[in-house]
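What follows is a single structure, written as structure tokens, with notes after it.
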There are 2 protein chains.
Amino acid sequence: MTTLHIVDDDEAIRDALGWLFQSRNVPVAGWPSAESFLESWRPDTAGCLLLDIRMEGMSGLELFDRLLSKGCRMPVIFLTGHGDVPIAVGALKKGARDFVEKPFNDNELVDRVIDALAYDAEQREREAGQAGLAARLATLTQRERQVMELVVAGRLNKVIADELGISMRTVEVHRSHVFEKMRVKTAVELTRLLTGAA
Amino acid sequence: MTTLHIVDDDEAIRDALGWLFQSRNVPVAGWPSAESFLESWRPDTAGCLLLDIRMEGMSGLELFDRLLSKGCRMPVIFLTGHGDVPIAVGALKKGARDFVEKPFNDNELVDRVIDALAYDAEQREREAGQAGLAARLATLTQRERQVMELVVAGRLNKVIADELGISMRTVEVHRSHVFEKMRVKTAVELTRLLTGAA
DNA sequence: GCGGCTATTGTGGATATCCGCAGAGTCGGC
DNA sequence: GCCGACTCTGCGGATATCCACAATAGCCGC
């Protein structure tokens with residue numbers, strides 16, 4: 001199980017939440033400010049975020065925005081005692097996972113956090129697969145990439161040769177290099193790889 | 001442009017919204033109750049829904065639930081003067097497109113409705129494509145379907161023949177029937193069709 | 001029973017794909 | 001200048017795919 005990151009400037013609340021989650025075997029990290037979390041955040045930081053809205057300095061919402069613009073995809077659950085509807089709606093539409101008002105129900109919150117952690121883990125697994133794919137794609141040359149795109153578009157070799165203004169033999173060579181580098185044996189497998197099929 | 005369906009038991013509000021949207025060239029249909037809309041709703045009802053939460057009889061939220069369970073995918077924008085955060089969060093997490101509190105900004109609401117209508121139109125176009133695909137799939141025989149699945153899985157004809165315990169020639173026949181019925185010329189195109197690629 | 005649909009298989013030939021062998025030109029780095 | 005890459009091309013042969021022609025057989029409905 002990955003970590004729940006609790007960002008709240010109220011130490012008492014951090015402690016209370018820390019106790020709650022640790023008692024349910026959810027690993028917790030506490031952060032006293034949006035700034036402190038933002039600074040320590042790395043693209044490979046895993047888990048989920050429990051974020052207070054109203055804090056000294058940077059607000060939870062602003063932290064969320066900054067994380068999004070840095071490409072953070074971690075699920076975020078907002079926690080607030082001062083939530084109003086437009087804020088909640090805005091946060092959810094931006095992709096927040098949940099928006100919970102204090103006082104909250106302990107069990108419910110724990111369930112939502114656990115769901116979010118599971119979601120994050122799944123997400124990261126998917127991305128790991130995509131990363132391997134991206135690495136293999138990166139080894140292709142320009143020409144190989146062009147040929148690959150046309151192959152995946154369903155064109156026959158002779159058509160590809162025409163469109164690129166080169167001989168069929170050359171297309172065949174690039175094609176076989178693509179297959180080798182992408183570790184597939186047929187055009188169909190390649191198509192499935194790139195279109196993200198099962 | 002398809003229709004905006006306004007469901008509100010307050011005739012004055014329906015009229016006011018009707019004027020607002022008609023002045024922006026958005027076709028409007030008004031419904032005095034959740035029940036009346038629910039009764040007239042059909043799976044091919046297009047457009048988007050502007051839904052008051054608090055109404056006599058069935059509430060907007062309940063109408064939303066019932067529509068969802070009937071398979072309705074129309075975008076829904078909730079409109080309420082009594083919204084609280086948990087209700088808004090719940091509605092959005094169930095798939096509502098937006099949740100707007102009264103009093104609202106006219107221009108903003110119109111923009112959101114127009115976005116929602118465009119989204120619905122796009123969605124329906126996609127589904128129309130899928131329906132055509134489903135119709136073509138339905139014309140396949142058992143055997144053809146089996147062969148198709150193996151082809152799309154990237155198997156060669158000889159392997160398919162082995163797995164199904166039939167001759168290569170028979171596989172070729174089924175394969176060509178599949179291509180004909182699905183209106184594609186190559187295995188790659190077929191794969192793209194079935195995996196829903198661009 | 002006859003006609004239509006489905007499934008099966010074969011022969012033979014036209015295309016397409018896969019691949020090793022061979023060679024050649026460009027470009028950038030050591 | 002040499003070496004390594006990327007690109008390009010041809011030849012020939014092994015496989016694979018596509019397809020027309022032809023035929024057998026079971027099942028279902030009229």
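We name chains A, B, ... by the order of the sequence lines, and we start the count at 1 in each one.
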What distance separates B:K94 NZ from B:D65 CG, expressed to the nearest 0.5 Å? 3.5 Å
Here the gap from A:S40 atom OG to A:H5 atom NE2, rounded to the nearest 0.5 Å, amounts to 7.5 Å
Picking from [options], which would you name as closest to the side chain of [X]?
X	options	result
A:M168	D:dG10, C:dT8, C:dT17	C:dT17
B:L156	C:dT8, D:dA16, C:dT17	D:dA16
A:S167	D:dT17, D:dC6, D:dG10	D:dG10
B:I166	C:dT9, D:dT17, D:dT9	C:dT9
B:E144	C:dT9, D:dT7, C:dA7	C:dA7

Is any side-chain heavy atom of A:L4 less than 4.5 Å from a side-chain heavy atom of A:L17? no
Between B:R155 and A:T186, is there a side-chain heavy-atom distance shorter than 4.5 Å? no
Does OP1 or OP2 of [N] have a side-chain N or O of [X] closer than 4.0 Å?
X	N	result
A:K181	D:dC6	yes
A:S176	C:dT17	no
A:K158	C:dT15	no
B:H174	C:dT8	yes
A:N157	C:dT17	yes
A:R169	D:dC8	no
B:T170	C:dT9	yes

Rounded to the nearest Å, what distance is computed from the [atom1] atom of residue [X] to the [atom2] atom of nucleotide [N]?
X	N	atom1	atom2	answer
B:I160	D:dA16	CD1	P	12 Å
B:F179	C:dA16	CZ	C1'	13 Å
B:R143	D:dA25	CZ	C1'	15 Å
A:R175	C:dC19	CZ	C1'	13 Å
B:L190	D:dT17	CG	C1'	15 Å
B:H177	D:dC18	NE2	C1'	13 Å
B:E180	D:dA20	CD	C1'	13 Å
A:Q142	C:dT26	CD	C1'	16 Å

Are more than 12 heavy atoms from other residues, nucleotides or ligands located less than 6.0 Å from atom CD of A:E127? yes
Over 12 foreign heavy atoms within 6.0 Å of CZ, B:R183: no
Reading DNA chain D from 5' onward, which residue's closest nucleotide shows up sooner: B:R155 or A:V171? A:V171
Classify the nucleic acid contact of B:E172 as base, sugar-phosphate or nothing, counting any heavy atom under 4.0 Å across all strands shown. base
